[in-house]
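Have a look at the structure below, then the notes.
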Amino acid sequence: MGTSIKVPASIDFQWMAYALRLAEQGLYTTSPNPRVGCVIVKNNQIVGQGAHLKAGEPHAEVFALQQAGELAKGADIYVTLEPCSHFGKTPPCVQRVMAAEPKRVIVAMQDPNPLVAGRGITALRAQNIEVVVGVLEKEAVALNPGFISRMTRGLPYVRSKVAASLDGRTALNNGKSQWITGEAARLDVQHWRAQSCAIVTGIGSVLADNPSMTVRLDHTSRQPLRVIVDSRLQTPADCKMLDATMLKVSPVLIVYAQDADNQAETLKAAGAELIQLPDANHRVDLKALLTHLALRDVNEVLVEAGQGLNGALLHAHLIDEFIFYYAPKLMGADAKAMFAMPELTEMQQATELQVVDVRQLGRDIRLRAKPVN
């Protein structure tokens, strides 16, 4: 390993925090690639910086090295993810980094991609470049939960969004639910949609609300894949999700188990893609669906559904994070609950959550939580 002057850890944290802010520029656009930022520092001054913004375009290190030029020699390179060491849509970044002859490379986290997985770090060290790994690793992991999940588990990262009254009700008994929460909460949902690769809803929500399930933000150009879980293939061919204009930029995948009424061809003609994934109970195999989405390079999934699909996902332990929007109103015991599940008989059967964030949005409260196990 090459020799270098020891830099205080606080300086490394400072510059890595800046690199993470750069990476956030790709929050809505990098899919299926990870969000990565890079900053090159020499004599405590930034000489180059960059972020990966879109698949197929240069990676963060390339942008930063182009900006730094000869100043990268002997500098410190801070990058939020290990430089790639394989040929994909772009050449491996680690070769560009080595050619620049930096003094040190500081990496927030190792790349979970099996094609990389430490090889970039090993290659740098083989060239006597000092490599520091793990600076703000927790923050780097939080920036790319879907990419990490897909690479390590073969599944996307699943968030379930639930809008409810304070007594935990998501719709009236007659199915009406618009609107429980206010405008600020509904706008916040748009940001979660924008950073997701797929939005998943159930046939119950399609029939009750006829939603579009699109991203309605001016500053994002990417629309996620929209997925309808429809065991018996009841999706109306004229529903909003199959609007011909929107299908051109936001395709719809209908996942079903059985087609007793022979609707498949009609829905295909309306523009939907169909895939049959039945389980032993003639329902959609939800684990198989998520595996299928991962194979389609889907990193993050946002579930916007009713108590049926949410309950099935929860019962199958397929939800990684919950985003609850609570409105200051009460809807009563006859209104619909958040999760339809088999009755619990012991408190130990309850799903234990860890609250990770609470904030107020207008009159509503947003609470994010993750299953403890």
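Positions are given from 1, in the same order as the sequence printed here.
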(request) Tell me who clusters with I254, hydrophobic residues only, linked when side chains sit under 4.5 Å apart either directly or through other members. (result) I199, I203, V206, L207, M213, I228, L233, M241, L242, L247, V252, Y256, L267, L274

(request) Could you give me the CA-CA distance, side-chain angles and deciding distance for R96 and H59, then say whether side chain to side chain contact (heavy atoms under 4.5 Å, CB included) is met? (result) CA-CA 11 Å; R96 296 285 295 268; H59 290 185; over 6 Å; no

(request) State, with a plain yes or no, whether a side-chain heavy atom of Y28 is found less than 4.5 Å away from one of H191. (result) yes

(message) List the residues meeting side chain to side chain donor-acceptor pair (under 3.5 Å) with S250, not counting sequence neighbours, and say none if there are none.
(response) R226

(message) If the condition is salt bridge (charged side-chain N to carboxylate O under 4.0 Å, His left out), which residues does R21 pass it with, not counting sequence neighbours?
(response) none

(message) I'd like to know if the side chain of S149 reaches the main chain of L155, judged simply by a donor and an acceptor atom lying under 3.5 Å from each other, with no hydrogens or angles considered.
(response) yes

(message) My understanding is that a hydrophobic cluster links ILVMFWY residues whose side chain heavy atoms are under 4.5 Å apart, including indirect links. Using that, what else belongs to the cluster containing W179?
(response) none

(request) Report the hydrophobic cluster partners of V249, with the cluster defined as I, L, V, M, F, W, Y residues connected by side-chain heavy atoms closer than 4.5 angstrom, directly or transitively. (result) M246

(request) For H315, enumerate each residue passing the side chain to side chain donor-acceptor pair (under 3.5 Å) test, keeping only those at least two apart in sequence or located in another chain. (result) none

(request) List the atom of S31, the atom of C197, and the distance in Å for their closest heavy-atom pair. (result) OG-SG, 3.0 Å

(message) Rounded at 0.5 Å granularity, tell me how far CG in D188 sits from CG in D364.
(response) 10.0 Å

(message) For the CD atom of Q307 and the CE atom of M341, what is their distance to the nearest 0.5 Å?
(response) 12.0 Å

(request) Sequence neighbours left out, what passes side chain to side chain donor-acceptor pair (under 3.5 Å) with D357? Give chain and number order. (result) R359, R366

(message) Minimum heavy-atom separation for C93 and V62, please, with both atom names.
(response) SG-CG2, 4.2 Å

(request) Find the distance between CG (L71) and CD1 (I40) and round it off to the nearest 0.5 Å. (result) 9.5 Å

(request) Could you list all the salt bridge (Lys or Arg N to Asp or Glu O under 4.0 Å) pairs where at least one residue sits in residues 228-238, not counting sequence neighbours? (result) none

(request) Write out all pairs satisfying ring-ring contact (aromatic ring centres under 6.0 Å, His included) with one or both partners inside residues 320-373, taking only residues at least two apart or from two chains. (result) F322-F324, F322-F339, F324-Y326

(message) Tell me the closest heavy-atom pair linking A198 and P224, and the distance in Å.
(response) N-CB, 3.9 Å

Counting only pairs under 3.5 Å, give me each side-chain donor-acceptor contact of residues 46-54, with atom names and distances, residues two or more places apart or in other chains.
| residue | atom | partner | partner atom | Å |
| --- | --- | --- | --- | --- |
| Q49 | OE1 | Y18 | OH | 2.5 |
| H52 | ND1 | P58 | O | 3.2 |
| H52 | NE2 | N33 | ND2 | 3.0 |
| H52 | NE2 | K54 | O | 3.4 |

(message) Within the structure provided, determine whether P34 and I148 are in side-chain contact (heavy-atom separation under 4.5 Å).
(response) no

(message) Return the CG to CG distance between L81 and D111, rounded to the nearest 0.5 Å.
(response) 4.5 Å

(message) Among R153, R159, K370, R368, which residue satisfies the salt bridge (Lys or Arg N to Asp or Glu O under 4.0 Å) criterion with D320?
(response) R153

(request) For D297, enumerate each residue passing the salt bridge (charged side-chain N to carboxylate O under 4.0 Å, His left out) test, keeping only those at least two apart in sequence or located in another chain. (result) R150

(request) Find the distance between CZ (R186) and CD1 (I180) and round it off to the nearest 0.5 Å. (result) 11.0 Å

(request) List, by chain and number, the other hydrophobic cluster members for V215, where Ile, Leu, Val, Met, Phe, Trp and Tyr join if side-chain heavy atoms come within less than 4.5 Å, directly or indirectly. (result) L187, L217

(request) Examine distances only and state if a side-chain atom of Q263 and a backbone atom of D261 form a donor-acceptor pair shorter than 3.5 Å. (result) yes

(message) Donor-acceptor pair, distance only, cut-off 3.5 Å: does the side chain of S231 make one with the backbone of V284?
(response) yes

(request) Would you mind telling me which of L309, V301, N310 makes a side-chain contact (heavy atoms from CB on, under 4.5 Å) with S160? (result) N310

(message) Could you measure the distance from the CG atom of N299 to the OG atom of S196? Nearest 0.5 Å is fine.
(response) 10.0 Å

(message) Run S165 and R169 through side-chain hydrogen bond (donor to acceptor under 3.5 Å, both in side chains) and show every step you take.
(response) CA-CA 5 Å; S165 59; R169 301 294 161 171; over 6 Å; no

(request) Find out if a path of hydrophobic residues (ILVMFWY) with successive side-chain heavy-atom gaps under 4.5 Å connects F63 to M16. (result) no

